[in-house]
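What follows is a single structure, written as structure tokens, with notes after it.
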Amino acid sequence: MAKRYWLMKSEPDAYGWNDLVKEGEGTWDGVRNHRAANNLRAMQVGDEAFFYHSNIGKEIVGIATISQSGLTDPSDPDGKWAAVKLKPVRKLARPFTLAQAKADPKLTDMELVKYSRLSVSEVTPEEWAYVLSLAEG
């Protein structure tokens, strides 16, 4: 199966990129939106995700890889919600902001732009490569 790409949002004052780096591996849990939870369920080990700081910054700051998939959210007493574990890969050379994404005609269909409140979204391989070219090129 081909690698897939994702975008995972977190408020940096609650759990930011530096927290993930410090831990070495984090659990992505607490998601209570059905579409976002379905995205978590679709993730496979080796998939990559943009780590996005929401509310403060509103920017993609790093890349993480999914290290464990198919987990039940440990914060859900009913066992209905999904979780994954992820590890940091690298910080981007420069953050890529939501404002940049919204202003770029090549990204009008990106879920980050279309569904800006969605906490876990899919990124197409073309969007992934394009955002990386802008953030690291």
- Start with the C-alpha gap between K9 and L118, add the side-chain angles, then the distance that decides, and say whether side-chain contact (heavy atoms from CB on, under 4.5 Å) holds. CA-CA 8 Å; K9 294 181 180 181; L118 189 62; 5.6 Å; no
Mind listing the closest non-hydrogen atom pair of [X] and [Y] along with its distance?
{"X": "L20", "Y": "A64", "answer": "CD2-CB, 4.1 Å"}
{"X": "E25", "Y": "S67", "answer": "OE2-OG, 2.5 Å"}
{"X": "K80", "Y": "R41", "answer": "O-NH2, 2.8 Å"}
{"X": "A42", "Y": "R4", "answer": "CB-NH1, 3.7 Å"}
{"X": "L134", "Y": "R94", "answer": "O-NH2, 3.1 Å"}
{"X": "D19", "Y": "A14", "answer": "OD2-O, 4.3 Å"}

key: Close side-chain approach of E127 and L107, heavy atoms under 4.5 Å   = yes
Just wondering, do L98 and L112 contact through their side chains at under 4.5 Å, heavy atoms? yes
Checking D73 against R32 for the side-chain contact (heavy atoms from CB on, under 4.5 Å) test, could you report, in this order, the C-alpha distance in whole Å, the side-chain angles of both residues, the deciding distance, and whether it holds?
CA-CA 10 Å; D73 186 332; R32 298 296 185 265; 2.7 Å; yes
Nearest 0.5 angstrom please: [X] [atom1] to [Y] [atom2], how far?
{"X": "T72", "Y": "D78", "atom1": "OG1", "atom2": "CG", "result": "11.5 Å"}
{"X": "L40", "Y": "S119", "atom1": "CG", "atom2": "OG", "result": "7.0 Å"}
{"X": "N55", "Y": "D13", "atom1": "CG", "atom2": "CG", "result": "7.5 Å"}
{"X": "K58", "Y": "I56", "atom1": "NZ", "atom2": "CD1", "result": "10.5 Å"}
{"X": "F50", "Y": "W128", "atom1": "CZ", "atom2": "CH2", "result": "4.5 Å"}
{"X": "E126", "Y": "K106", "atom1": "CD", "atom2": "NZ", "result": "12.0 Å"}

Name the orientation class of the two ring planes belonging to W28 and Y15 (parallel below 30°, tilted from 30 to 60°, perpendicular beyond 60°). perpendicular
Checklist entry - Given D104 and Y130, is the side-chain contact (heavy atoms from CB on, under 4.5 Å) satisfied, shown in steps? => result CA-CA 11 Å; D104 195 316; Y130 183 67; 2.5 Å; yes
Does the side-chain contact (heavy atoms from CB on, under 4.5 Å) test come out yes or no for D109 and T124, once each step is laid out? CA-CA 10 Å; D109 289 330; T124 68; over 6 Å; no
Distance only, no hydrogens: is a donor on one side chain within 3.5 Å (strictly under) of an acceptor on the other, for R35 and N38? no
Path from [X] to [Y] over hydrophobic side-chain contacts below 4.5 Å:
{"X": "V120", "Y": "W81", "answer": "no"}
{"X": "M43", "Y": "Y5", "answer": "no"}
{"X": "V61", "Y": "I63", "answer": "no"}
{"X": "V131", "Y": "W6", "answer": "no"}
{"X": "V89", "Y": "L7", "answer": "yes"}

- Message: Counting neighbours of NZ on K85 that are heavy atoms of other residues, nucleotides or ligands and sit closer than 6.0 Å, is the number greater than 12?
- Response: yes
The residue among W17, F51, F96 that forms side-chain contact (heavy atoms from CB on, under 4.5 Å) with I60 is F96
